[in-house]
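Taking it in order: structure first as C-alpha cells, then the write-up.
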Amino acid sequence: MVLFERAPAKINLSLDILGKRDDGYHEVEMIMTTIDLSDRIELHPLDQDRIDVSLESRYVPNDERNLAFKAAQIFKTMYNIEKGVHIKIEKSIPVSAGLGGGSSDAAAVLRGLNRLWSMNIPTEELAALGAHIGSDVPFCVHNSTAIAKGRGERIEKLPSPPSCWVILAKPNIGVSTRTIFQRFDMSCITHPSTSEIISALEEKNFIKLCNNLGNVLESVTIKLHPEVQQIKDRMKYAGSAGVLMSGSGPTIYGLVQHENKARRIYNGLRGFCEEVYIVRILG
Ligand SMILES: C[C@@](CO)(OP(=O)(O)O)[C@H](O)COP(=O)(O)OP(=O)(O)OC[C@H]1O[C@@H](n2ccc(N)nc2=O)[C@H](O)[C@@H]1O
Ligand SMILES: Nc1ncnc2c1ncn2[C@@H]1O[C@H](COP(=O)(O)OP(=O)(O)O)[C@@H](O)[C@H]1O
C-alpha cells in the first residue's frame, strides 16, 4: 500500500521574541496559519529495514540530513519499528523561505507513518515527537491556526482567519533561520500586538487582522537583504490590505479579501519577482 500525505506551508501572522534562553534558542510567541501551498509526500513500505528519501531539488539533501528522513528515524526508534519506508517528496514549497517547508515534510511523515503502520498515536504525542526534529514541526503536525510559545513547540489552537487570499512573493535568496535569530537585537524591538491578532481571529475581523500583523525578525532580514523591503513596498502599493514577512523570511505575503484584486496584485508582482504564488488560507 502506498500512502499520500499533504505537507502544507505556513505563514506567520505574528512573530514576537520575549527573550533569549540559556539553551541558545529564543523564547517566542507567534501566531501561524496553514496555507494552500503544499509539498506532496508518498510513503512506500519497503521489505528491508531502512529509510530511503527521494526528491528532485538542488537545495534539499536526500539523505539523513533531510527533515523527512529524521522524522522517520525518530518515529522508528521511539516505537521500536523494524520496518522500512521509501519517502518520495514532491517539493512545491520554496526552500529556506520562512514558509516551514522542511518542518511540514517532517510532520507529514510522522502523520503518514502513524497511518501506514496503524499505530494510532494521538496528535499531541506526534507533535511532542516532532519537537525533537525542529521548533516548527509541532505546529505543522497540527496543521491549523495556532499560537506557538516556548521555542515554538508549545501549541494552542486559535480560530482560523477570515476567508481571504494570500499572495506570496519570494526574492531569489535563501535565508538561514539561525543567522537571522543570531543577528536579532533584543534592545531595539517593537512587539507586535499578539492579543489584538487573537481578538481579530475570534471576531473574524479581516481589517483588524491586517492592521496588527507584525514580525520582529522582519527588520533583521531586511537589513541583510534590502530587496525584501522593495517587495514589501510593492505588495503594499499594489493594494494588499495587510503585508508581512513570514518567519525568518525572505518571503513577503499580502492578504486581500477579493479574488479579482488578488489576481491583479499577483500579475503585477510577477513582473518584479521570480517566484510569486496566489493561494488561500487553509488554517
Ligand atoms: C523562524 C520560524 C518561525 O516559524 O520559522 P522559519 O523562518 O524557519 O520558517 C521558526 O521559529 C524556526 O523554526 P525551525 O526552522 O524549526 O528552527 P529550528 O530548526 O528549531 O532552529 C534553527 C535555529 O534557529 C534558532 N532559533 C530557532 C527557534 C527559536 N525559538 N529560537 C532560535 O534561536 C536557533 O539558532 C536554531 O539553531
Ligand atoms: N524536506 C525538506 N524540505 C526543505 N528543506 C529541507 C528539508 N530537509 C532539510 N531541509 C533543509 O532545511 C533548511 C530549511 O529549509 P525550509 O524548511 O525550506 O526553510 P524555512 O523553515 O525557512 O521555510 C534548508 O537548508 C534545507 O536544505
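Each ligand, and each atom within it, is numbered from 1 in the order the structure gives.
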Quiz item: At a non-hydrogen distance cut-off of under 4.0 Å, which region of L67 contacts ligand 2 (side chain, backbone, both, or neither)?
Solution: both
Quiz item: Would K91 count as a contact of ligand 2 if the rule is a heavy atom under 4.0 Å away?
Solution: yes
Quiz item: Atoms of ligand 2 less than 4.0 Å from A97 heavy atoms?
Solution: 20 (P), 22 (O), 23 (O)
Exercise. Looking only at distances, please establish whether an N/O atom of ligand 2 is found under 3.5 Å from an N/O atom of V60.
Key: no
Quiz item: Are side-chain N/O atoms of R280 and S163 paired as donor and acceptor at under 3.5 Å?
Solution: yes
Quiz prompt | Y25 and ligand 1 - part of the residue with a heavy-atom distance under 4.0 Å | solution = both
Practice problem: State the atoms of ligand 2, each with its element, that fall below the 4.0 Å cut-off from a heavy-atom position in G100. | Solution: 20 (P), 21 (O), 23 (O)
Practice problem: Indicate yes or no: does an N/O atom of S248 lie under 3.5 Å from an N/O atom of ligand 2? | Solution: no
Quiz prompt | Those atoms of ligand 2 less than 4.0 Å from some heavy atom in D105 | solution = 1 (N), 2 (C), 3 (N)
Exercise. Would you kindly specify which portion of K10 sits under 4.0 Å from ligand 1, judged on non-hydrogen atoms: side chain, backbone, both or neither?
Key: side chain
Quiz item: Does ligand 2 have any atom that is closer than 4.0 Å to a heavy atom of G247?
Solution: no
Quiz item: What atoms of ligand 2 come within less than 4.0 Å of a heavy atom belonging to Y59?
Solution: 27 (O)
Practice problem: Provide the number and element of each atom of ligand 2 under 4.0 Å from a heavy atom of L99. | Solution: 23 (O)
Exercise. Quick one: look at Q182 and ligand 1, take heavy-atom pairs under 4.0 Å, and tell me if it's side chain, backbone, both or neither.
Key: neither
Practice problem: Determine whether the side chain, the backbone, both or neither of V28 has a heavy atom under 4.0 Å from any heavy atom of ligand 1. | Solution: side chain
Practice problem: Looking only at distances, please establish whether an N/O atom of ligand 1 is found under 3.5 Å from an N/O atom of S246. | Solution: no
Quiz item: Can you tell me if S248 uses its side chain to pair, donor with acceptor, with the backbone of G98 under 3.5 Å?
Solution: no
Quiz prompt | ligand 2 atoms in contact with G101 (distance to a heavy atom under 4.0 Å) | solution = 17 (O), 23 (O)
Self-check item: Parallel, tilted or perpendicular: ring planes of W117 versus F75, cut at 30 and 60 degrees
Solution: tilted
Quiz item: Are any of the N/O atoms in G102 less than 3.5 Å from those in ligand 2?
Solution: yes
Quiz item: Going by the atom numbers of ligand 2, which of them fall below 4.0 Å from some non-hydrogen atom of P61?
Solution: 27 (O)
Quiz item: Taking atom 19 (O) of ligand 2 as the point of reference, which of S96, S57, A7 owns the nearest heavy atom?
Solution: S96
